[in-house]
Q: 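Here it is: the structure, laid out below.
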Amino acid sequence: MSFLRRRNSATPTGPDFDVLAMDPGDWPGDLGAGLLPAPDGSCQGVFLRYDLFGGRGPAMIIGNLPEGSPARELGEGQVPFEVAQLLAALGNDEPVEVLETEDMPVMHEDNLLIVRRLKCSESRISCTQFDRSDGVLVTIASWDRPITDDLYQLLKPLPAEMFQAG
C-alpha cells in the first residue's frame, strides 16, 4: 500500500498522509517544517523543528516518515534522520551512534503505543520512535530534555493540507 502520490513537479507540495506532531498553536517557541523530496517529486517525509532556545537551536524535532522512505533505512548503530538533523541544526559534528534500544508501552489517547527508546552515544540526546497504524514511523528527537510519557498526550494529527504549497 502506497502512501505517496506521483507528482509532476520536482518540488513536493506536501505529504499524502496526516502528520502527527504538537500543534504549532500549543508551542511557545519558533516552529519550522521541512519536507523530504523524492526524485519524482513525491513527499518522502515531514519533520517539524521546535525551537525554544531563542534562535540558538532546536529543542526538538518530530519526524513522520512513510513506508518506503529512504530516510528510514539505517545501518547498524546509525542515528535516525531526525537526530542527524537536530545535531546539524545545533552545529554538533561529533560522531553519534545508537548504542541500544528498549521497547516500552505508552498510552496515547485510547491507543497503546509500543515506543522504542534509543540510547545514543551523545547523552544529551533523547530519542523515541513508534509506528502508526498507517505505516508512518514517528521519531521524536530532543536536545538536553528527556522525553516523558506526557509528551505523547500532546501529539495530534496535523492535516496534510497544512504542508501544501499555496
Side-chain angles (χ1 to χ4, degrees), residues 3 11-12 14-15 17-38 42-104 106 108 113-132 134-158 160 162-163:
F3 296 98
T11 304
F17 51 91
D18 286 341
V19 174
L20 191 63
M22 290 184 295
D23 190 304
D26 295 343
W27 186 258
D30 297 331
L31 174 72
L35 302 176
L36 298 174
S42 62
C43 178
Q44 295 288 308
V46 173
F47 62 96
L48 288 94
R49 173 180 156 164
Y50 298 90
D51 183 355
L52 271 182
F53 298 143
R56 291 178 285 140
M60 184 180 305
I61 293 182
I62 299 178
N64 288 253
L65 302 175
E67 290 179 335
S69 175
R72 289 176 66 155
E73 299 170 14
L74 301 176
E76 182 70 31
Q78 188 176 359
V79 296
F81 171 81
E82 295 80 2
V83 171
Q85 288 295 305
L86 183 66
L87 291 168
L90 292 166
N92 185 335
D93 57 0
E94 296 294 319
V96 176
E97 61 183 15
V98 174
L99 300 176
E100 61 184 70
T101 62
E102 176 186 10
D103 290 344
M104 301 184 63
V106 172
H108 176 257
L113 301 176
I114 302 301
V115 174
R116 284 179 300 286
R117 293 191 185 272
L118 285 66
K119 181 178 179 185
C120 296
S121 56
E122 169 54 75
S123 63
R124 292 175 288 181
I125 294 174
S126 295
C127 182
T128 63
Q129 296 181 313
F130 60 89
D131 293 304
R132 293 182 359 200
D134 61 359
V136 173
L137 174 67
V138 176
T139 301
I140 304 169
S142 172
W143 179 257
D144 213 18
R145 298 175 192 279
I147 298 172
T148 64
D149 291 354
D150 296 343
L151 174 65
Y152 301 105
Q153 303 315 312
L154 300 175
L155 300 177
K156 47 184 96 164
L158 304 178
M162 282 185 67
F163 303 97

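Positions are given from 1 along the sequence.
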Q: Do V79 and I125 have side chains that approach each other closer than 4.5 Å (heavy atoms only, starting at C-beta)?
A: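 They are not in side-chain contact.
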Q: Are any of the side-chain heavy atoms of L65 and L36 separated by less than 4.5 Å?
A: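 In short, these two side chains touch, coming nearer than 4.5 Å.
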Q: Test salt bridge (charged side-chain N to carboxylate O under 4.0 Å, His left out) on R116 and D131; report intermediate values, then the result.
A: CA-CA 9 Å; R116 284 179 300 286; D131 293 304; 3.6 Å; yes
Q: Given side chains that start at C-beta, do those of M22 and L151 come closer than 4.5 Å, heavy atoms only?
A: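 Contact flag for M22/L151 side chains = yes.
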Q: Return the minimal non-hydrogen interatomic distance between W143 and E122, and the atom names on each side.
A: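 What the structure gives for the nearest pair is CZ3-CG, 3.9 Å.
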Q: Which heavy atom of Q78 sits nearest to which heavy atom of V98, and what is that distance?
A: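 Distance-wise, the nearest heavy atoms are O-CG2, 3.6 Å.
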Q: With a 4.5 Å limit on heavy-atom distance, are the side chains of F81 and T139 in contact?
A: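 F81 vs T139: side chains apart.
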Q: For H108 and L113, indicate whether the former's side chain and the latter's backbone hold a donor-acceptor pair under 3.5 Å.
A: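 It does not hold such a pair.
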Q: Could you report the tightest heavy-atom contact between F163 and A33, atom names first, then the distance?
A: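 Scanning both residues, the minimum pair turns out to be CE2-CB, 3.9 Å.
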Q: What closest approach, in Å, do C43 and L35 show between heavy atoms, and which atom pair accounts for it?
A: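 Here C43 and L35 meet closest at SG-CD2, 4.0 Å.
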Q: Would you indicate whether the side-chain heavy atoms of I147 and V115 approach each other to under 4.5 Å?
A: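 Side-chain contact under 4.5 Å: no.
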Q: Grab the two heavy atoms, one from Q44 and one from G68, that are nearest each other, plus how far apart they are.
A: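 Smallest interatomic distance, heavy atoms only, reads OE1-O, 3.5 Å.
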Q: Among L137, D18, V136, which residue satisfies the side-chain contact (heavy atoms from CB on, under 4.5 Å) criterion with N64?
A: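 That would be V136.
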